[in-house]
Amino acid sequence: MSHSKITKNGSRRILITSALPYANGPIHLGHMLEYIQTDIWARFQKLVGNECYYVCADDTHGTPIMLSAQRQNITPEELIAKSHQDHLQDFNGFHINFDNFHSTHSEENKFYTEKVYQSLLDKGHIERRTINQLYDPDKHMFLPDRFVKGECPKCGSADQYGDNCDSCSATYNPTDLKNPKSAVSGATPILKDSEHFFVKLQDFENILKNWLKDGVSQQIENKLNEWLDVGLQQWDISRDAPYFGYSIPGHPDKFFYVWLDAPIGYLASFKNLCDKTPELEFDDFWKKSSDAEVYHFIGKDIINFHCLFWPACLHATDYRMPTSVFAHGFLTVNGTKMSKSKGTFIKASTYLENLNPEYLRYYFAAKLSGKIDDFDLNLEDFVQRVNSDLVNKYVNIASRCAKLIKKSGNQLHASIDKPMLLKEFQQSADKIAQFYEDREYGKASKVIMQLADKANIYIDEQAPWKLAKDESTADQALAICSMGIHLFHILSIYLKPVLPQLVSQVENFLKVDPLSWQDISKPLVSHELNDFKPLMKRVEPAQVEKNANQLGRSA
RNA sequence: GGCAAGGUAGCUCAGCUGGUUAGAGCACAUCACUCAUAAUGAUGGGGUCGGUGGUUCAACUCCACUCCUUGCUACCA
């Protein structure tokens with residue numbers, strides 16, 4: 001169902017998360033779509049005066065990290081420490097303003113994971129059962145799906161991973177693969193028994209159905225019906241040693257599956273923030289009766305984890321469930337999946353070497369909706385969109401007014417030249433706020449750019465440059481250019497969640513304190529400005545090409 | 001294979017519960033302007049809405065089938 005909270009009074013308490021990046025690889029632009037989407041929402045909530053916290057963490061456990069560390073001859077702890085630094089650098093580079101970025105390999109996470117498990121156990125939601133699984137006899141480890149390769153049992157294609165075939169898209173069990181090989185050692189896997197721990201998800205069916213009814217969008221609910229219609233099954237939450245993670249209390253050879261402790265990272269990161277922030281209480285947000293709001297931003301690929309397993313875990317632990325879960329689609333580049341060989345697998349760090357992060361923030365904002373549709377980063381469109389909207393329309397307003405104002409000592413006129421136009425700009429605030437709230441950033445951007453067009457039309461019609469030539473009308477010219485700045489001022493507030501860095505330069509130019517939503521109604525009459533300096537350069541198509549080429553090689 | 005979401009002008013996208021000549025931005029063309037980071041303004045050409053077949057007085061909007069893309073399919077993360 002739709003979430004259309006009114007954002008006027010600024011009295012809401014909100015906790016937001018993005019999905020945890022896996023500590024086994026670099027952040028790429030697909031990741032950034034989600035962090036930028038979330039960051040814009042968090043910045044918007046803060047801008048309108050709500051109490052809002054945005055937390056995240058590295059997802060550090062599981063077989064891939066263990067093996068990756070082995071291959072690099074380092075400990076998993078060293079690997080995830082390196083990732084943590086790299087990830088933070090990328091996030092900072094894109095102005096992702098986390099209130100806390102923690103790790104699932106932390107005291108807090110261990111504590112809450114065990115707490116969740118103990119609650120599930122105490123309430124009889126855990127069952128133990130022996131299952132049969134592929135095992136690498138050389139490496140002495142059980143093999144997750146993605147570490148078994150073989151021929152598709154249906155079409156015979158070679159080198160197929162795990163449980164589905166790339167070439168015929170058949171679904172099967174890893175044990176069905178013909179000529180299976182361990183992707184770790186190359187050995188032929190054998191079947192071996194092991195006792196696993198399962199969460200009886202069926203126990204939560206009614207709770208989950210009720211929560212879904214008004215907790216998530218129709219699109220997500222439709223998807224989840226696949227699971228609910230067939231009937232919820234048991235969820236395997238244990239993995240055998242060797243495994244990098246937390247061992248299950250009382251069972252030293254069994255470990256918690258990474259997907260159990262990953263979302264718990266949201267709790268852990270927030271707890272860690274609370275411990276650093278005296279006025280912040282964990283229970284105010286997570287106790288069952290909390291009236292704070294909790295939102296998870298995720299990709300469409302992990303809907304089941306966040307809308308079935310995770311709420312069940314929270315409920316069993318007597319915590320509140322999320323207010324809602326927001327899912328977005330996948331990023332494509334020039335219409336296709338990001339591909340290393342095509343040079344479209346773009347790492348965050350490579351992008352930052354060549355391009356301004358706010359170009360991408362704006363491009364994402366200009367096209368994002370609240371739905372789970374995939375998102376295409378079309379590089380040509382990217383250049384045109386950013387240059388046209390940001391430089392030619394928005395920044396241009398300030399640029400074209402600044403020189404005439406400087407002639408008058410950088411002092412804005414004492415009167416408002418066209419009050420009705422100002423009013424129109426101000427009255428768009430509610431509509432734009434609602435679009436931000438609904439994550440319809442594309443629609444918000446469209447309204448903002450329509451206003452920018454109106455500002456340029458106004459200046460064109462008034463032609464202050466003509467009036468400035470004559471002593472008798474010079475004052476009128478100043479009034480018009482001042483009006484242009486008033487409009488620019490409001491546009492800057494509307495764009496601030498998307499373009500924090502640019503708007504901070506604007507604040508310097510306008511000589512004002514950090515802008516807030518309230519400032520929309522406070523035009524800078526008779527205000528003094530600083531000298532205007534170019535606020536943003538155009539994107540050069542060559543930069544983008546360089547970027548793509550570089551990426552192809554370095555990925 | 002099953003389920004979900006998407007397939008609308010050259011490009012990127014809007015189009016609510018079906019209803020006059022299908023919209024926007026960019027790109028393109030012509031004209032105007034010259035204050036502005038060769039920016040801005042005005043006007044114009046351009047789609048029959050993936051395909052086929054239905055329902056209806058009327059469908060981009062409903063139904064069926066079909067093709068294509070992406071995701072999920074519970075021991076991948």
Side-chain angles (χ1 to χ4, degrees), chain A residues 20 22 24 59 61-65 131-134 142-148 154 161-164 168-175 194 196 198 201 219-227 229-230 232-240 257-259 262 299-305 308-309 327 329-330 332 335-337 363 366-367 369 371-374 376-378 380-385 387-389 391-393 395-404 442-443 445-446 449-450 453 455-457 459-468 477 480-481 484 532 534-538:
Chain A
L20 313 190
Y22 201 51
N24 187 31
D59 179 15
H61 293 150
T63 306
I65 283 179
I131 63 169
N132 203 244
Q133 203 183 357
L134 290 175
F142 285 93
L143 292 166
D145 288 1
R146 70 160 68 166
F147 291 104
V148 184
K154 196 174 173 197
Y161 282 94
D163 61 355
N164 66 64
C168 76
S169 79
T171 313
Y172 42 79
N173 289 319
T175 49
S194 172
H196 277 228
F198 292 83
L201 267 185
Q219 283 183 316
I220 292 181
E221 199 181 345
N222 291 348
K223 181 57 202 163
L224 260 8
N225 281 336
E226 176 183 345
W227 298 61
D229 291 347
V230 176
L232 292 174
Q233 295 167 37
Q234 300 183 338
W235 180 39
D236 189 347
I237 57 159
S238 66
R239 293 295 184 271
D240 288 288
Y257 175 39
V258 57
W259 260 114
K300 66 179 179 181
D301 55 328
I302 53 176
I303 287 173
N304 54 333
F305 292 102
L308 295 176
F309 307 161
F330 269 44
T332 55
T336 56
K337 272 197 273 195
Y363 187 70
K367 287 174 65 177
S369 77
K371 294 188 292 192
I372 62 179
D373 306 356
D374 286 346
D376 187 43
L377 166 57
N378 180 289
E380 211 173 307
D381 183 52
F382 167 79
V383 173
Q384 289 171 346
R385 188 66 170 264
N387 288 345
S388 169
D389 285 2
V391 184
N392 299 352
K393 287 184 182 178
V395 167
N396 185 235
I397 297 165
S399 180
R400 69 193 305 198
C401 293
K403 198 195 265 177
L404 277 172
K443 289 184 173 141
S445 305
K446 193 170 180 178
M449 285 310 140
Q450 279 169 350
D453 285 343
N456 277 312
I457 291 169
I459 295 166
D460 241 66
E461 285 173 344
Q462 304 301 312
W465 55 91
K466 287 180 183 163
L467 301 171
I480 291 160
C481 289
F532 178 81
L535 294 165
M536 175 175 266
K537 283 191 216 156
R538 289 195 178 71

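In the text below, chain A, chain B and the rest are named by the order of the sequence lines, each starting its count at 1.
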### Query
Is the backbone of A:Gly62 close enough, under 3.5 Å, to the side chain of A:Tyr257 for a donor and an acceptor to pair up by distance?
no
### Query
B:rC57 pairs with which nucleotide, Watson-Crick or G-U wobble, both distances below 3.5 Å?
B:rG19
### Message
Distance criterion of 3.5 Å, no angle test: do you see the side chain of A:Gln384 paired donor-to-acceptor with the base of B:rG25?
### Response
no
### Query
Is there a donor-acceptor pair closer than 3.5 Å between any side-chain N or O of A:Asp236 and the backbone N or O of A:Ser238?
yes
### Touch class at under 4.0 angstrom, heavy-atom based, for A:Gln450 against every strand present
nothing
### Message
Is there a side-chain contact between A:His196 and A:Asp240 in this structure, where contact means two heavy atoms from C-beta onward sitting under 4.5 Å apart?
### Response
yes
### Task
Identify whether any heavy atom of A:Leu404 sits under 4.0 Å from a base atom; if not, whether one sits that close to sugar-phosphate; answer base, sugar-phosphate or nothing.
nothing
### Task
Consider only side-chain N and O atoms of A:Arg400 and A:Asn456, and report whether a donor and an acceptor are under 3.5 Å apart.
yes
#### Entry: Minimum-distance nucleotide (side-chain atoms of A:Gln133 versus B:rU37, B:rU34, B:rC75)
B:rC75
### Query
Counting side-chain heavy atoms from C-beta on, which of B:rA24, B:rA74, B:rA39 comes nearest to A:Leu201?
B:rA74
### Query
Between B:rG2, B:rU34, B:rA74, which nucleotide gets closest to the side-chain atoms of A:Trp465?
B:rU34
#### Entry: B:rU52 versus B:rC57 - spacing of their C1' atoms, nearest Å
24 Å
### Query
Of the non-hydrogen atoms in A:Trp465 and A:Ile459, which two are nearest, and what is the gap between them?
CZ3-O, 3.8 Å
### Query
So what's B:rG1 paired with, Watson-Crick or G-U wobble, going by both distances under 3.5 Å?
B:rU73
### Message
Determine whether a donor-acceptor pair (one donor, one acceptor, N or O, separation below 3.5 Å) exists between the side chain of A:Asn396 and the base of B:rA36.
### Response
yes
### Task
Starting at atom CD of A:Glu221, determine the distance to atom C1' of B:rC3, rounded to an integer number of angstrom.
15 Å
## Note on the structure
Between CD1 of A:Ile480 and P of B:rC35 the distance, given in whole Å, is 15 Å
### Message
Let's test this: given Watson-Crick or G-U wobble pairing with both distances under 3.5 Å, identify the partner of B:rG46.
### Response
none
### Message
Return whichever of A:Arg400 or A:Lys371 has its heavy-atom-nearest nucleotide of RNA chain B closer to the 5' end.
### Response
A:Lys371
### Query
Is any side-chain N or O of A:Trp259 under 3.5 Å from a base N or O of B:rA77, one able to act as donor and the other as acceptor?
yes
### Shortest side-chain distance from A:Pro534, nucleotide among B:rU37, B:rA42, B:rU73
B:rU37
### Task
Under a 3.5 Å limit for both distances, which nucleotide forms a Watson-Crick or G-U wobble pair with B:rG6, could you say?
B:rC68
### Task
To the nearest Å, give me how far apart CZ (A:Arg385) and P (B:rG25) are.
11 Å
### Under 3.5 Å donor-acceptor pair, A:Thr171 side-chain atoms to B:rG1 base atoms
yes
### Message
Using the C1' atom as the point on both nucleotides, what is the distance between B:rU40 and B:rC35, in whole Å?
### Response
10 Å
### Task
Could you tell me which nucleotide pairs with B:rG25 by Watson-Crick or G-U wobble geometry, both distances under 3.5 Å, or answer none if nothing does?
B:rC11
### Query
When only distance counts, do a donor and an acceptor, one from the side chain of A:Lys223 and one from the base of B:rC3, lie under 3.5 Å apart?
yes
### Task
Would you kindly check whether a donor in the side chain of A:Glu380 faces an acceptor in the base of B:rC11, or vice versa, at under 3.5 angstrom?
no
### Query
Which nucleotide in the set B:rC26, B:rG41, B:rA5 lies at the smallest distance from any side-chain heavy atom of A:Ser388?
B:rC26
### Query
Considering only heavy atoms from C-beta outward, does the side chain of A:Thr63 approach that of A:Arg239 to under 4.5 Å?
no
### Task
In whole angstrom, give me the gap between the C1' atoms of B:rA38 and B:rG50.
41 Å
### Task
Can you figure out which of B:rC75, B:rA77, B:rA24 approaches the side chain of A:Arg146 most closely?
B:rA77
### Flag side-chain contact, heavy atom, 4.5 Å: A:Ile237 against A:Phe309
no
### Whole-Å distance separating the CG atom of A:Asp373 from the P atom of B:rG15
10 Å
### Task
May I ask you to say what A:Phe382 touches in the nucleic acid, namely base, sugar-phosphate or nothing, with a heavy-atom cut-off under 4.0 Å?
nothing
### Query
Over how many whole Å does the gap from A:Tyr22 atom OH to B:rA77 atom P extend?
6 Å
### Task
Could you state the atom-to-atom distance from NZ of A:Lys403 to P of B:rA36 in whole Å?
4 Å
### Nucleotide B:rC35, atom C1' - distance to CG of A:Asn456 in whole Å
11 Å
### Message
Within the 4.0 Å heavy-atom criterion, would you say A:Leu143 contacts the bases, only the backbone, or no part of the nucleic acid?
### Response
nothing
### Message
Would you say that A:Ile65 contacts A:Val258 through its side chain, given a criterion of any heavy-atom pair below 4.5 Å between the two side chains?
### Response
no
### Task
Starting from the 5' end of RNA chain B, give me the residue, A:Ile372 or A:Asp236, whose nearest nucleotide shows up first.
A:Ile372
### Message
By the 4.0 Å heavy-atom rule, please label A:Phe305 as base, sugar-phosphate, or nothing.
### Response
base
#### Entry: Nearest-nucleotide pick for A:Leu535, side chain only, options being B:rU37, B:rA77, B:rC75
B:rU37
#### Entry: Integer angstrom distance from the C1' of B:rU17 to that of B:rC60
15 Å
### Query
A:Lys367 side chain: which of B:rU12, B:rG25, B:rA5 is closest?
B:rU12
### Message
When the P atoms of B:rG45 and B:rA4 are compared, how many Å lie between them, rounded to an integer?
### Response
43 Å
### Task
Just compare B:rA24, B:rC35, B:rU12 and give me whichever is closest to any side-chain atom of A:Asp381.
B:rU12
### Task
Using the C1' atom as the reference point in each nucleotide, state the distance between B:rU12 and B:rG7 in Å, no decimals.
14 Å
### Query
Whole Å only: how far is the CG atom of A:Asn24 from the C1' atom of B:rA77?
10 Å
### Message
Once you apply a heavy-atom cut-off of 4.0 Å, does A:Asp229 come out as touching a base, just sugar-phosphate, or nothing?
### Response
nothing
#### Entry: Nearest-angstrom distance, P atom, B:rG44 to B:rG25
12 Å
### Message
Any base atoms under 4.0 Å from A:Met536, or only sugar-phosphate, or nothing? Heavy atoms, all strands.
### Response
base
### Query
Considering every strand shown, what is the Watson-Crick or G-U wobble mate of B:rC31 when both distances are under 3.5 Å?
B:rG41
#### Entry: Closest listed nucleotide, where the reference is the side chain of A:Asn378 and the choices are B:rA77, B:rU12, B:rG71
B:rU12
### Query
Quantified in whole Å, what is the C1' atom distance between nucleotide B:rG19 and nucleotide B:rC62?
14 Å
### Task
Mark yes or no for whether A:Lys367, through its side chain, and A:Asp376, through its backbone, hold a donor-acceptor pair below 3.5 Å.
yes
